[in-house]
Amino acid sequence: QKEVEQNSGPLSVPEGAIASLNCTYSDRVSQSFFWYRQYSGKSPELIMSIYSNGDKEDGRFTAQLNKASQYVSLLIRDSQPSDSATYLCAVKGSGGYQKVTFGTGTKLQVIP
Amino acid sequence: KAGVTQTPRYLIKTRGQQVTLSCSPISGHRSVSWYQQTPGQGLQFLFEYFSETQRNKGNFPGRFSGRQFSNSRSEMNVSTLELGDSALYLCASSLGWGQGASYEQYFGPGTRLTVT
């Protein structure tokens, strides 16, 4: 079982719709969760982090965390063609000696 | 504030050679992590440095090594290059390390290494 799993996609949504990206992780004691966006040929850029169960909103982005289900998701409202990219989920366990593990990413395509 | 910088941006090497890549973190960031990214494997963790000490290490052979300097700048070295080492090598910096530290990582543009 992979430590961090994401559906590779592509996930296609029409412009203006809500895109829902999902991620599951295997380490139950994971404490920190991150979403990154990576455009083709570019390096990943941090979208947001979440540490507690529930929702965290930042502009058009909402991260949702459910530690009991070991599940984290990212919602993108009013999707734009410029949101077309690969979205990486990253998870870190508790303590300094736990590395950050990345999923392989979900490719999102927003259709104009 | 300047972002993470990596040099060189592109590199072509021959099998058996060695290579050194450099990373300068965001000012004030003291933790530097290195990743290898390939189309098939995604982002694979190489190692993490904080206060000039390696704090975490991924599952890579000993040909991959790194170090961090007192100004938090970091280098990674790959000796005896193999064709499979062709990849994008990414450096990421974060504020600190340890319990309670923020692990929000900010990536540099990467070094594209091609081994022929």
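Computed from heavy atoms alone, side chains included, the values below leave out hydrogens, waters and symmetry copies. This one's a predicted model, so the numbers in the text were calculated from it and none came from an experiment. The chains referred to below are lettered A, B, ... by the order of the sequence lines, with proteins before strands, and numbering in each begins at 1.
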Using a 6.0 Å cut-off, check whether atom [atom1] of [X] has over 12 heavy atoms from anything other than its own residue.
X: Arg15(B); atom1: CZ; result: no
X: Lys42(A); atom1: NZ; result: no
X: Ile111(A); atom1: CD1; result: yes
X: Lys56(A); atom1: NZ; result: yes

Next item on the list: Give the cluster check for Tyr35(B) versus Leu88(B): same hydrophobic cluster or not, with ILVMFWY residues linked at side-chain heavy-atom distances below 4.5 Å.
Entry: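 In one cluster: yes.
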Checklist line | Single-linkage hydrophobic cluster, 4.5 Å side-chain cutoff, Leu21(A) and Val110(A) together | finding: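 Leu21(A) clusters together with Val110(A).
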May I ask you to test the [X]-[Y] pair for a side-chain heavy-atom distance under 4.5 Å?
X: Tyr106(B); Y: Glu45(A); value: no
X: Phe102(A); Y: Gln37(B); value: no
X: Pro44(A); Y: Leu90(B); value: yes

Item checked: Contacting moiety of Phe50(B), where chain A heavy atoms sit under 4.5 Å ->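 The answer is neither part of Phe50(B).
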Next item on the list: Using atom types as modelled and distance alone, determine if a side-chain donor or acceptor of Ser43(A) lies under 3.5 Å from a backbone N or O of Gly108(B).
Entry: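 Present.
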Checklist line | Closest approach of Tyr103(B) to Phe34(A) (non-hydrogen atoms, all atoms of both residues) | finding: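 In this case the closest contact between Tyr103(B) and Phe34(A) is O-CZ, 3.5 Å.
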Margin query: Working to the nearest 0.5 angstrom, can you tell me the gap between Leu46(B) CG and Lys99(A) NZ?
Written below: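 Leu46(B) CG to Lys99(A) NZ: 11.0 Å, rounded to 0.5 Å.
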Notebook entry, point to check: Which is it for Leu46(A) and Gln105(B) under the side chain to side chain contact (heavy atoms under 4.5 Å, CB included) test, yes or no, and what are the steps along the way?
Noted result: CA-CA 7 Å; Leu46(A) 180 67; Gln105(B) 295 183 324; over 6 Å; no
